[in-house]
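Report on the structure given below.
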Amino acid sequence: MSINKALTEIKRATAEIIDFERVEKLVTAYYNEGKEYTIKLGLDPTSADVHLGHTVVLQKLATFQKFGANIQLIIGDFTATIGDPTGKSETRKILSKEQIEQNAKTYQEQIFKVLDPAKTEVFYNSQWLDELGTRGLTALTMNYNVARMLERDDFENRYKSQTPISISEFLYPLFQGYDSVALKSDIEIGGTDQKFNMHMGRHLQRAYGVGKEQAIVMVPIIEGLDGVQKMSKSLKNYIGVTDAPNEMFAKIMSISDELMWRYYELLSSKSLEDIEKLKSGVSNGTLHPKMVKEELAVEIVTRYHSEDDGKSALEAFNKQFKQNQIPDDIAEYKVEEGIWICKALVECGIEPSTSQSRRDIKQGAVRIDQEKVSDEQLKLESGEYVLQVGKRKFAKVKVG
RNA sequence: GGUGAGUUACUCAAGUGGCCAACGAGGGCAGACUGUAAAUCUGCUGGCUUUCGCCUUCGGAAGUUCGAAUCUUCCACUCACCA
């Protein structure tokens, strides 16, 4: 692959790159002299729920690995005890050491599904931050001043609205920046929300005479399933990397075609050229968009589960929806004979209340063994049935 | 510390004595159409072993009234202006 193609892949789907020239030089040196370089990613192990939004940066790192980068993965065990103020409107709660360790472990498990461990080194930043000492800490703080610290939007807003800012939060960007000094990183990567902190790394590398200033690669925040708001757990529009294969598959299939291309760009391991081919195939009608989406879904499920899971998720999906068949793995429940249909639906957990059941029956959303239920007074005779609400909620019941 | 405005369902937001389980919007769910996509159209969106009925809800508590989300008092919280 040519240097130009490599650089195009690197630039793909990035939000912003600061000092791109430097990246160019590093990649060129790798191609001409086989010289490798380092790229740093700091992880804040404060939460264990990893979703696809967090993996965008990992895809980018996987790309860099192909083009001569060694990854410096920093588990921010020290900084996690402070709490990153980014995007926060109040001082963050501090986690226990055990929680941090547990989260760090979960992260690494997920990360090595995407990254090559041979080209990845894991560090804990307490390693050098613990040794800094009061003297070292003081020296570090002398490299920045309060006025510039307050330039940060979230600090500025909090200061103006008189929301407390802890001194320790001022230290966070300094510590993160110091990681770059300790590791002499060539590039730092992170989300756009990390801009300030990553700039600090550049600033401190110069202040400490490291002899280089890291380039900064920022990846965008991915949109959630709705295609509008950012992917987040609280908005319930996320795909978790630990989601069950079939669920993960179905979630990806439910995104809009437009959003699909965005996901391709940000999450797929396919090259830009291959994606272009798919796009033109769809626009000239030779490829069905649903097939293209399936391909993406299989890729993602395979990545976080296995090839077999990817295949079987595809089969299960088509079986259920294309051919309108009932899925194999549905939960079974036992209920009493003569039970009212509405009550049975609630007991199987596919309806929240009998009132809701009534409404759904009225709308023709409820089926027993594929047959639409029209009588909301129906009582179930003994036997075995498959209850269904809408297209995706199923339950098997044994009556009697 | 003083004064004023506010607190309504998942969210925003109307309602200022009975027609209120509470307008509207978003979201969500379901139906039609499809590729379980999007867009569009339609319906629903507190609960109840039974629904032109009953029960619980409009920050919390107490009261006025035949009747309160709406009026009164106290409490809690949020915001604005003044000091």
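The figures here come from the full heavy-atom set of this structure, side chains too, leaving out hydrogens, waters and symmetry mates. Chain naming here is simple, since letters A, B, ... match the order of the sequence lines and numbering starts at 1 in each.
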Compute whether any side-chain donor of one residue and acceptor of the other, for [X] and [Y], lie under 3.5 angstrom apart.
| X | Y | answer |
| --- | --- | --- |
| A:N143 | A:R206 | no |
| A:R303 | A:S269 | yes |
| A:R359 | A:Q356 | yes |

Original post:
Using a cut-off of 4.0 Å on non-hydrogen atoms, how would the nucleic acid contact of A:K362 be classed: base, sugar-phosphate, or nothing?
Top reply: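 No contact.
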Original post:
How close do A:L266 and A:P220 get, heavy atom to heavy atom, and via which atoms?
Top reply: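 Distance-wise, the nearest heavy atoms are CD2-CG, 3.7 Å.
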Is there a Watson-Crick or G-U wobble partner for [N] with both distances under 3.5 Å, and which nucleotide is it?
| N | value |
| --- | --- |
| B:A61 | B:U73 |
| B:C41 | B:G31 |
| B:C54 | B:G47 |

Which atoms of nucleotides 56-58 of chain B (N or O only) lie under 3.5 Å from a protein N or O atom, and what are those distances?
none

Original post:
Hey, does the side chain of A:R359 come within less than 4.0 Å of B:C48's phosphate (OP1/OP2), counting only N and O?
Top reply: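 Result: no.
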Original post:
Near RNA chain B, under 4.0 Å by heavy atom, which residues of residues 340-356 of chain A?
Top reply: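 Nucleic-acid contacts, sorted: A:W340, A:K343, A:S353, A:T354, A:S355.
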**OP:** Could you check which residues of residues 277-285 of chain A get a heavy atom under 4.0 Å from RNA chain B? Sort them by number, please.
**Re:**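 Contacting residues: none.
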Subject >> Base of B:U49 paired with side chain of A:K379 (donor-acceptor, under 3.5 Å) >> reply: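 It does not, because no donor-acceptor pair links the side chain of A:K379 to the base of B:U49 below 3.5 Å.
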Original post:
Is the base of B:G35 touched by the side chain of A:D257 through a donor-acceptor pair closer than 3.5 angstrom?
Top reply: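 Under the 3.5 Å cut-off, the side chain and the base do form a donor-acceptor pair.
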**OP:** For B:U8 versus B:G59, give the span between their C1' atoms, rounded off to a whole number of Å.
**Re:**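 Comparing C1' positions in B:U8 and B:G59 gives a spacing of 10 Å.
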